[in-house]
2 protein chains.
Amino acid sequence: MQKKDINGLTEQEFLDKYDPTMFERLSMSVDTVIFSIDTKLQTSNYRKLDDQKLTVLLVKRNEHPFLEHWSLPGGFIGVREAPAKAARRVLRNKTGLDDLYIETLGTYGEPDRDPRMRIISSTYLSLLDRDKFKLQASPYVADSAWFEVEVTDRELVLCGEGQQLVIPYEKAAIRNGKIKTVEYQVTESNPLAFDHGKILLDGLMRLRHKIDDTDIVFNLLPEEFTITQLQQIYEIILGGKLLAPAFRRKIAPKLQETGRYVQEKGHRPSQYFMYKE
Amino acid sequence: MQKKDINGLTEQEFLDKYDPTMFERLSMSVDTVIFSIDTKLQTSNYRKLDDQKLTVLLVKRNEHPFLEHWSLPGGFIGVREAPAKAARRVLRNKTGLDDLYIETLGTYGEPDRDPRMRIISSTYLSLLDRDKFKLQASPYVADSAWFEVEVTDRELVLCGEGQQLVIPYEKAAIRNGKIKTVEYQVTESNPLAFDHGKILLDGLMRLRHKIDDTDIVFNLLPEEFTITQLQQIYEIILGGKLLAPAFRRKIAPKLQETGRYVQEKGHRPSQYFMYKE
DNA sequence: TGAATAGTGTCTGTCAGACATTATGGG
DNA sequence: CCCATAATGTCTGACAGACACTATTCA
């Protein structure tokens with residue numbers, strides 16, 4: 001099609017003359033909120049079940065700004081790289097894993113979120129099966145570790161590497177036209193780098209919401225698992241207790257029996273199940 | 001804190017020396033998917049109810065590339081402007097409205113999505129009350145108009161300005177770890193500019209999902225409305241019929257009676273309701 | 001046998017689907 | 001009275017909450 005614009009140019013002529021520096025440009029990064037489940041072995045009593053904790057992957061910065069602060073794994077988006085690809089690259093570099101569940105979380109771009117310059121961050125949410133995962137050392141960061149996540153009404157507490165990072169937050173009601181929505185606001189001064197406290201909190205809330213209209217939890221579990229393990233994950237993520245009979249009924253259609261049972265516990269052995277469909 | 005990095009610099013020294021051109025930069029835009037409801041007056045039979053249609057706002061480009069193609073309203077993000085602010089600015093410029101429901105939709109950044117240069121787009125979803133809305137002419141676009149949205153299994157059809165834009169799509173199952181998710185793929189050659197066909201489709205699916213776990217529909221309606229109007233909107237967005245008694249029961253807790261009734265129709269008058277809480 | 005957990009049975013109240021019925025206004 | 005839509009009544013089956021009960025293993 002040889003349509004001409006107001007300057008009498010065809011599309012090809014226009015593109016040949018186009019000056020990409022006409023508009024000011026900026027940098028873009030990706031940051032990833034990577035959740036997993038950590039099983040705490042119960043050595044005190046062989047009869048007790050192992051405790052499960054929700055964990056999130058953090059890396060310790062070895063550069064300014066926020067030198068030695070913990071942060072979400074992230075990196076710059078290449079000039080010829082799609083954002084989701086960049087997120088997968090970051091995950092691959094930090095964890096050695098491909099082919100993860102990855103989902104867009106949001107765009108964070110307050111002008112002052114990075115003291116160096118204007119950087120807009122596209123963020124992603126991911127969930128790892130703890131059995132397949134192997135944390136690798138990376139030259140880009142001082143350290144990386146899983147932090148246990150505990151949430152209350154007012155704060156998010158991250159525990160790991162002998163440290164405890166406390167991120168206070170507030171639930172704010174935002175009015176959008178006639179309806180109200182809730183937004184989580186994190187105070188400026190929190191131990192995480194940049195606005196990563198806010199991103200992490202948003203990721204957690206997204207996870208809570210996603211858990212009961214998708215099957216993402218199964219990406220947190222090994223191939224075979226017991227219903228109790230599964231229920232514990234729901235409880236950890238949703239932050240409350242669930243009744244076993246109701247839970248079993250609801251989850252049953254998604255489960256496949258294996259006929260194999262947990263051994264060597266001082267109580268009735270539980271069956272291993274697999275994800276079905 | 002006067003921590004020094006591997007080059008022996010404090011944070012202030014590091015920032016003073018920081019060269020923002022060290023990493024290649026790119027441009028960012030926002031694009032907005034703005035839905036509304038259009039009431040078609042039923043002039044043929046005074047007894048019939050007015051028909052309601054889901055509509056989306058499109059603008060006609062007056063520049064290369066995609067000269068004279070219809071596209072979603074959008075614009076570049078300023079270097080000191082937050083993305084959500086940019087989306088609100090775009091909406092304000094096109095519609096004269098502030099204070100809308102606005103929600104992040106996703107980030108679109110395939111390297112070749114814009115033939116001029118690398119542009120990553122942050123997209124937003126919005127819903128307008130048709131009563132408060134006034135479409136304004138803008139010097140930045142050749143035309144702007146509401147297009148009626150019709151969806152089938154295979155295509156999205158947009159009707160407006162005497163034109164019919166057909167956007168074929170396919171539902172693709174994407175495997176993410178153990179679970180499957182659905183993704184909507186739009187063919188390259190469709191009448192909308194850039195990847196706006198895909199963005200619009202994603203926006204519609206998000207809207208469908210949002211409709212039954214938030215109260216966003218009420219932002220599409222005037223202050224007072226009948227339950228049938230409300231039900232029609234659900235039907236339009238979800239793409240199917242609902243049973244009146246069940247719908248009334250479910251929606252009742254969110255409604256406030258007004259005691260006022262629709263006049264001058266040849267059937268039992270329906271009561272006007274308001275959104276409650 | 002008792003501790004600890006796995007798993008089932010069942011009562012009850014709520015609620016959605018389905019369909020029938022009544023209400024109302026204007027020609 | 002008929003048309004067209006508004007609004008309610010009610011039967012039924014599915015299902016979640018709640019709690020009691022049975023099953024299994026090992027020290």
Side-chain angles (χ1 to χ4, degrees), chain A residues 39-52 211-213 221-222 224-236 238-274 276, chain B residues 39-52 211-213 221-222 224-236 238-274 276:
Chain A
T39 302
K40 290 261 180 211
L41 293 173
Q42 269 290 355
T43 49
S44 58
N45 184 337
Y46 81 103
R47 282 179 162 176
K48 289 269 189 190
L49 287 176
D50 298 333
D51 228 21
Q52 294 191 110
I211 198 175
D212 41 38
D213 56 37
L221 284 163
E224 301 191 354
F225 50 84
T226 67
I227 294 186
T228 306
Q229 282 183 305
L230 184 61
Q231 184 177 337
Q232 281 184 357
I233 293 181
Y234 272 84
E235 289 173 347
I236 290 164
L238 295 176
K241 286 284 166 197
L242 299 174
L243 289 166
F247 182 77
R248 298 180 90 87
R249 275 193 305 245
K250 183 144 74 177
I251 213 75
K254 292 175 187 168
L255 297 180
Q256 174 72 53
E257 294 188 38
T258 66
R260 280 179 288 281
Y261 292 82
V262 174
Q263 303 293 330
E264 298 176 359
K265 287 280 184 181
H267 50 75
R268 177 171 175 175
S270 57
Q271 189 173 177
Y272 283 116
F273 288 83
M274 291 173 65
K276 185 167 77 180
Chain B
T39 302
K40 290 259 182 209
L41 293 173
Q42 269 290 357
T43 48
S44 59
N45 185 337
Y46 81 100
R47 281 180 162 178
K48 289 267 188 191
L49 286 176
D50 299 333
D51 227 19
Q52 293 190 112
I211 198 175
D212 41 38
D213 55 40
L221 286 163
E224 300 191 355
F225 49 85
T226 68
I227 293 186
T228 305
Q229 281 182 307
L230 184 60
Q231 184 176 338
Q232 280 183 358
I233 293 180
Y234 272 84
E235 288 173 347
I236 290 165
L238 296 175
K241 285 285 166 194
L242 299 174
L243 288 165
F247 182 77
R248 299 181 89 86
R249 275 193 303 244
K250 185 144 72 176
I251 213 74
K254 293 175 188 170
L255 298 180
Q256 174 71 52
E257 296 189 38
T258 67
R260 280 179 288 280
Y261 291 83
V262 175
Q263 303 292 332
E264 297 178 1
K265 288 279 183 180
H267 50 73
R268 178 171 174 178
S270 57
Q271 190 174 175
Y272 283 116
F273 288 83
M274 290 173 67
K276 184 167 77 180

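Numbered from 1 within each chain, the chains take letters A, B, ... in sequence-line order. Everything quoted here is computed from the prediction, not taken from an experiment.
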Separation of [N] [atom2] from [X] [atom1] (nearest whole Å):
X: Gln52(A); N: dT5(C); atom1: CD; atom2: P; result: 14 Å
X: Leu255(A); N: dG7(C); atom1: CG; atom2: P; result: 11 Å
X: Leu238(B); N: dA16(C); atom1: CG; atom2: C1'; result: 16 Å
X: Gln271(B); N: dT24(C); atom1: CD; atom2: P; result: 13 Å
X: Asp51(A); N: dT5(C); atom1: CG; atom2: P; result: 11 Å

Nucleotide range of DNA chain D lying under 4.0 Å from chain B heavy atoms:
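Both ends considered, the range comes out as dC3(D) to dT10(D).
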Mind checking what makes side-chain hydrogen bond (donor to acceptor under 3.5 Å, both in side chains) contact with [X], not counting sequence neighbours?
X: Gln231(A); answer: Glu235(A)
X: Thr258(A); answer: none
X: Gln232(B); answer: Gln52(B)

For DNA chain D, which residues in residues 245-252 of chain A have a heavy atom at a distance below 4.0 Å?
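When residues 245-252 of chain A is checked for heavy atoms under 4.0 Å from DNA chain D, the hits, listed by number, are Pro245(A), Ala246(A), Arg249(A).
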Qualifying salt bridge (charged side-chain N to carboxylate O under 4.0 Å, His left out) pairs, either residue in residues 249-262 of chain B, two or more places apart
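For residues 249-262 of chain B: Asp215(B)-Lys254(B), Glu224(B)-Arg260(B).
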Grab the N/O contacts between the protein and nucleotides 25-27 of chain C below 3.5 Å, and write none if there aren't any.
{"unit_1": "dG25(C)", "atom_1": "O4'", "unit_2": "His267(B)", "atom_2": "O", "d": "3.4"}
{"unit_1": "dG25(C)", "atom_1": "N2", "unit_2": "Arg47(B)", "atom_2": "NH2", "d": "3.4"}
{"unit_1": "dG25(C)", "atom_1": "N2", "unit_2": "Gly266(B)", "atom_2": "O", "d": "2.0"}
{"unit_1": "dG25(C)", "atom_1": "N3", "unit_2": "Gly266(B)", "atom_2": "O", "d": "3.1"}
{"unit_1": "dG25(C)", "atom_1": "N3", "unit_2": "His267(B)", "atom_2": "N", "d": "3.4"}
{"unit_1": "dG26(C)", "atom_1": "N2", "unit_2": "Arg47(B)", "atom_2": "NH2", "d": "2.2"}
{"unit_1": "dG26(C)", "atom_1": "N3", "unit_2": "Arg47(B)", "atom_2": "NH2", "d": "3.0"}

Can you measure from [atom1] ([X]) to [atom2] ([Y]) and round to the nearest 0.5 angstrom?
X: Gln271(B); Y: Ile227(B); atom1: CD; atom2: CD1; result: 8.0 Å
X: Leu230(B); Y: Leu221(B); atom1: CG; atom2: CG; result: 6.0 Å
X: Ile251(A); Y: Phe273(A); atom1: CD1; atom2: CZ; result: 11.0 Å

Set of residues satisfying ring-ring contact (aromatic ring centres under 6.0 Å, His included) with respect to Phe225(B), sequence neighbours excluded
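Counting only residues at least two positions away or on another chain, Phe225(B) forms a ring-ring contact (aromatic ring centres under 6.0 Å, His included) with Phe218(B).
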Run the ring-ring contact (aromatic ring centres under 6.0 Å, His included) test against Tyr234(A) and tell me which residues pass, sequence neighbours left out.
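So Tyr234(A) forms a ring-ring contact (aromatic ring centres under 6.0 Å, His included) with Phe247(A).
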How would you label the contact of Thr226(A) with the nucleic acid (heavy atoms, under 4.0 Å): base, sugar-phosphate, or nothing?
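The residue Thr226(A) makes no contact with any strand.
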What pairs with Ser270(A) under side-chain contact (heavy atoms from CB on, under 4.5 Å), at least two apart in sequence or on another chain?
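Once residues adjacent in sequence are excluded, the partners of Ser270(A) under the side-chain contact (heavy atoms from CB on, under 4.5 Å) criterion are Thr226(A), Val262(A).
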